[in-house]
Amino acid sequence: MVLYSGSFAAQDVLCDLRSDTVTKPCAEMRAAMAGAELGDDCYGDDPTVARLEAQLAERMGKDAGVFFPTGCMSNLACLMAQCARGDEVITGRDYHVYADEAGSPSVLGGLSLEPLPVAEDGALEPGDIRAALKPDDQHYAVSRLLSLENTVGGRAIPLPRMQAAAAAGREAGLALHLDGARFFNAITALGCTDTDLAGLADTVSLCLSKGVGAPAGTVLVGPAPVLAKARRARKLLGGGMRQSGVLAAAALWGLEHVVPRMAEDHARAVDLAEALRPLGQVRQATNMVFFTPADAVAAEIGPRLAAQGIRISAGGPEIRLVLHRDVDDAALASAIAAFQSLG
Ligand SMILES: *Cc1c(COP(=O)(O)O)cnc(C)c1O
């Protein structure tokens with residue numbers, strides 16, 4: 001992926017569509033951070049972290065939560081908590097845990113991964129899951145856990161499709177993990193409750209640094225015994241934090257004020273997709289737009305947009321554009337005008 005920074009100063013950026021991780025805390029979020037009650041979380045002393053963990057656990061209908069610095073660490077600690085070295089994790093070939101975490105389940109967890117093809121809608125097919133299960137035989141790794149994801153590439157996978165995959169895992173006695181880095185985008189698009197989706201899995205990883213708008217952090221929720229092991233794995237991986245309530249406060253503010261407005265990001269993604277349609281191929285899913293520009297538009301698209309204050313990630317022929325709370329109507333209008341100037 002090529003990240004165009006352009007030759008302009010940071011204050012000249014009008015609209016940053018590279019990712020929903022680029023959001024910066026607004027004045028109100030910073031005020032919540034500044035006012036947070038803090039303590040050393042490795043002594044269990046940080047009341048703001050404890051509040052965030054308890055709030056998300058309750059919202060998701062789980063026993064407990066643990067606050068991690070990143071989603072990668074949350075996913076890895078969750079797998080390590082539930083699998084022994086040499087056990088097998090079944091997941092999707094395009095899923096983050098397999099494709100985008102530097103091979104950490106294998107490198108650090110000693111786990112064997114079985115990546116399955118991902119269907120058009122982002123789901124795993126129950127038949128593929130059943131076919132991937134290993135018989136109890138000394139030649140094979142022990143199939144232990146099924147790791148699902150939602151949203152996948154922006155697509156909110158419908159509940160019946162999630163249920164079908166989960167059922168295939170359950171029948172085989174696998175533990176079930178849901179990588180819900182964009183969980184709130186998923187439930188916003190599906191129009192379901194938190195527990196409708198979270199209830200399908202034993203453990204759910206919820207990123208707070210994406211659409212929720214916090215500067216960092218992910219909460220893993222699930223059964224108390226699993227979370228106790230995940231907390232130990234967090235320490236093992238170097239992720240035990242101290243006065244991390246300063247980050248948890250940002251997440252709590254985002255859960256209260258940003259999550260209820262997430263549909264606005266999706267609506268702006270629809271508007272952006274509509275505006276780009278004359279300029280190439282476009283598809284939209286939740287807060288993401290995937291744009292394959294026509295040849296006339298594609299040449300030097302990153303630097304040409306950067307020169308107009310619009311930041312994108314342009315690697316392959318298809319460009320992923322991501323909406324988030326720092327793209328308001330004015331920023332979106334400037335982005336659309338810049339794209340239109342290319343045509
Ligand atoms: C972003 C993301 C993660 C975690 O990424 P971090 O950068 O480690 O926070 C995990 N899974 C998915 C699907 C993601 O999009």
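We number each residue from 1, following the sequence as shown. Numbering of ligands and ligand atoms starts at 1, following listing order.
Taking a cutoff of 4.0 Å between a charged side-chain nitrogen and a carboxylate oxygen, Lys134 and Glu114 qualify as a salt bridge. Under a 4.0 Å N-O distance rule, the pair Arg231/Glu53 qualifies as a salt bridge. Checked for salt-bridge contact, Arg93 and Asp128 miss the test: no charged N lies under 4.0 Å from a carboxylate O. Between Glu125 and Arg161 there is a salt bridge, since at least one side-chain N of the basic residue sits less than 4.0 Å from a carboxylate O of the acidic one.
Cation-pi geometry between Arg283 and Phe290 is met: the NZ or CZ atom falls under 6.0 Å from the ring centre, inside 45° of the normal.
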Distances for all N or O pairs of ligand 1 and the protein under 3.5 Å?
| unit_1 | atom_1 | unit_2 | atom_2 | d |
| --- | --- | --- | --- | --- |
| ligand 1 | 8 (O) | Gly71 | N | 3.3 |
| ligand 1 | 8 (O) | Cys72 | N | 2.8 |
| ligand 1 | 9 (O) | Gly71 | N | 2.9 |
| ligand 1 | 11 (N) | His96 | ND1 | 3.4 |
| ligand 1 | 11 (N) | Asp179 | OD1 | 3.1 |
| ligand 1 | 11 (N) | Asp179 | OD2 | 2.6 |
| ligand 1 | 15 (O) | Arg182 | NH1 | 3.2 |
| ligand 1 | 15 (O) | Lys210 | NZ | 2.5 |

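Going from atom CD of Glu171 over to atom CZ of Arg130 covers 6.0 Å, rounded to the nearest 0.5 Å.
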